[in-house]
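Below you'll find the structure, written out as structure tokens, and then a few comments.
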Amino acid sequence: MQNNGFLRTKEIIAITLILIGIKLSDSTPTLLAQKAQNGFWSIPILSFVCIFPGFLIMLYLLNKYQDKNVVELFEAINGKWIGKILGIVLFLCAFLSLTLDSRNYIEQIKLLYFPQSPTDMIYFIFIAVVFFGAKKGIEVIGYTCWIAIPFIKVSALCVLLLVMSEIVIQRIFPIFGAGLPIILSEGVKKASIFAELFFLLIAYQSAKKNTMFRKGITFGTVLAILEIILFYLVYASVFDYNSIEKIAFPYHDITQFISFGEFFTNIETIFMVFWLFAAFLKFIIFIYITTWIFAEIFAIRNFEPLLLPFSFLVIMIGLLPMNSATNELVLRETLLTVMSPIFILLPYILWLTAWGKGDLKQ
């Protein structure tokens, strides 16, 4: 295995914040608002409640099996072949999430900045940058995330502060949006919006100490969910209830409200530079851990040469959806709905199996 034992708590926090926290500025709020309307901001709370106990069980099991990552944990608990099947399921979930998410970002970049440029060319350039970033390895990725995270978060904080005057808190009412049954069902069905937490477990052994990984990813997750809820609440209170479901990119749209006096207007591009930087880091992390999961399944020790073919596959498969609406509202929503029961139930099944074998008594 490459890159073993270099990350510290602060770098794992930064990686988690970028991989999970960026959902405050992508198309996820648009997807959630399609059915829940202005009550969409409460869905991440329910999804987090559904998926986080299982995630803590995975950390507990990894602590019990000290010298293993998540794929090796599957094999240790369930045997070689069932463990590999579970590893393949984890890989497919990660790879499909990577391709569909990357296509959404490409569509956003094209629509906002390069409307005349071909989608495939933007996709190729974006993934090429991601590939060369991922080639640097997990140690450089972690350090870069730690250096970049203050700038990214200060930028997001400035956006929050500068749109405060646009907030009308009454717009969050009715607080359950389209209705409590819809909020509850969507909260469970979209629990996998935090599936990246399970993908990150492949890097369990990349920390100097296992306690550093557990503290880093837990603290980073709690910070990320608080950020997401706060921003979603701001989106719901800035945009009117009947327009929130029609807004494609809430983070970009909310920056349109920002100006400094009458002379410095249309300054949203400043904030989008930091957003774009965070997007590159997200997909550098994402493609690296996805390739890592694949390599662990087939016991490929030197997996970094696989980054190039996987980058090519991401572009080829990511270009298959006809348009962004099909990609986001059909394919990504279906993937989230399919993945949610897997990540909600799998940790409990693993725990019961390990308990039945007596492994947890050691």
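Here the side chain of K110 pairs a donor or acceptor atom with the backbone of S117 at under 3.5 angstrom. Using modelled atom types, no side-chain atom of T28 and backbone atom of L24 make a donor-acceptor pair closer than 3.5 Å. Counting only distance, with no hydrogens or angles, the side chain of Y65 and the backbone of F74 share no donor-acceptor pair below 3.5 Å. Panel note: side chain K84, backbone I297; a donor-acceptor pair is recorded below 3.5 Å. S237 places no side-chain N or O within 3.5 Å of a backbone atom of I169 that could act as its donor or acceptor partner. Of the possible polar contacts, none joining the K35 side chain to the E186 backbone as a donor-acceptor pair under 3.5 Å is found. Between the side chain of N69 and the backbone N or O of Y204 there is no donor-acceptor pair closer than 3.5 Å. With S47 contributing its side chain and G187 its backbone, the two residues share a donor-acceptor pair below 3.5 Å. Here the side chain of R103 pairs a donor or acceptor atom with the backbone of P321 at under 3.5 angstrom. Counting only distance, with no hydrogens or angles, the side chain of S102 and the backbone of L98 share a donor-acceptor pair below 3.5 Å.
Between E11 and R8 there is a salt bridge, with a side-chain nitrogen of the basic residue lying less than 4.0 Å from a carboxylate oxygen of the acidic one.
Under the 4.5 Å side-chain criterion, counting only non-hydrogen atoms from C-beta, L281 is in contact with F277. The shortest side-chain heavy-atom distance between M272 and F249 does not fall under the 4.5 Å cut-off. Between V159 and F274, every side-chain heavy-atom pair lies at or beyond the 4.5 Å cut-off. Counting heavy atoms from C-beta outward, N63 and L59 have side chains that stay 4.5 Å or more apart. Using a 4.5 Å heavy-atom cutoff, the side chains of Y235 and W41 are not in contact. Looking at S340 and V188, their side chains never come closer than 4.5 Å, going by heavy atoms from C-beta outward. By the 4.5 Å heavy-atom criterion applied to side chains, I77 and W351 are not counted as neighbours. The side-chain heavy atoms of D26 and N104, taken from C-beta on, include no pair separated by under 4.5 Å.
Heavy-atom contacts from other residues, nucleotides or ligands closer than 6.0 Å to CE of M316 number more than 12. Heavy atoms of other residues, nucleotides or ligands lying less than 6.0 angstrom from CG of L226 number more than 12. Surrounding CZ of F124 are at most 12 heavy atoms belonging to other residues, nucleotides or ligands under 6.0 Å away. Atom NZ of K357 has more than 12 neighbouring heavy atoms from other residues, nucleotides or ligands inside a 6.0 Å radius. Summarising the local packing, CE of M322 is surrounded by 12 or fewer heavy atoms from other residues, nucleotides or ligands at distances under 6.0 Å.
Clustering ILVMFWY residues whenever any of their side-chain heavy atoms sit less than 4.5 angstrom apart, transitively, puts Y348 in the very cluster that holds L86. Using a 4.5 Å cut-off between side-chain heavy atoms of Ile, Leu, Val, Met, Phe, Trp and Tyr, with links allowed through other members, L197 and V89 fall into different hydrophobic clusters. The cluster map of Ile, Leu, Val, Met, Phe, Trp and Tyr, joined by side-chain heavy atoms under 4.5 Å apart, puts L329 and I43 in the same cluster. Note: the hydrophobic cluster containing L223 also contains V234 (ILVMFWY, side chain heavy atoms under 4.5 Å, direct or indirect links). Cluster membership for L313 and L90, using ILVMFWY side-chain heavy atoms within less than 4.5 angstrom, is shared.
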* Asked: Going through the distances and angles, do E333 and Q34 end up as a side chain to side chain contact (heavy atoms under 4.5 Å, CB included)?
  -> CA-CA 11 Å; E333 180 172 18; Q34 295 302 308; over 6 Å; no

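With rounding to the nearest 0.5 angstrom, the CG atom of L201 is 10.0 Å from the CZ atom of F199. Atom CG of L157 and atom CG of L162 lie 9.0 Å apart (nearest 0.5 Å). T353 OG1 to D359 CG: the interatomic distance, rounded to the nearest 0.5 Å, is 10.0 Å. Rounding to the nearest 0.5 Å gives a distance of 14.5 Å between CD of Q37 and CZ of F176. For the atom pair CG of N210 and CG of L62, the computed distance is 8.5 Å after rounding to the nearest 0.5 Å. L92 contributes atom CG, which lies 10.5 Å from atom OG of S97 (distance to the nearest 0.5 angstrom).
The two atoms that bring T290 and A94 nearest to each other are OG1-CB, 3.8 Å, heavy atoms only. Scanning all heavy atoms of the two residues, the minimum distance from P347 to I57 falls at O-CG2, 3.6 Å. Taking every heavy atom of both residues into account, G133 and I141 meet most closely at O-CG1, 4.1 Å. In terms of heavy-atom proximity, Y251 sits nearest to S155 at OH-OG, 4.2 Å. Heavy atoms only, all atoms of each residue included: P44 and I193 are closest at CA-CD1, 4.4 Å. Scanning both residues, I284 and V130, for their nearest heavy atoms gives CG1-O, 3.6 Å.
The ring pair (Phe, Tyr, Trp, His ring centres under 6.0 Å) test with F294 is passed by exactly one of F310, Y288, F303, F95: F310. Of the residues listed (L31, N323, L100), the one engaging E328 in a side-chain contact (heavy atoms from CB on, under 4.5 Å) is L31, and it is the only one. Paired with R332 under the rule side-chain hydrogen bond (donor to acceptor under 3.5 Å, both in side chains), one option of T326, D101, T337 passes, and it is D101. Of the candidates W275, F280, F286, Y105 forms a ring pair (Phe, Tyr, Trp, His ring centres under 6.0 Å) with just one, namely W275. Paired with F126 under the rule ring pair (Phe, Tyr, Trp, His ring centres under 6.0 Å), one option of F283, F132, F131 passes, and it is F283. Of the listed residues (F194, F198, F55), just one forms a ring pair (Phe, Tyr, Trp, His ring centres under 6.0 Å) with F343, and that residue is F198.
Between Y113 and H252, the angle of the ring planes goes over 60°, which puts this pair in the perpendicular group of the 30/60° scheme.
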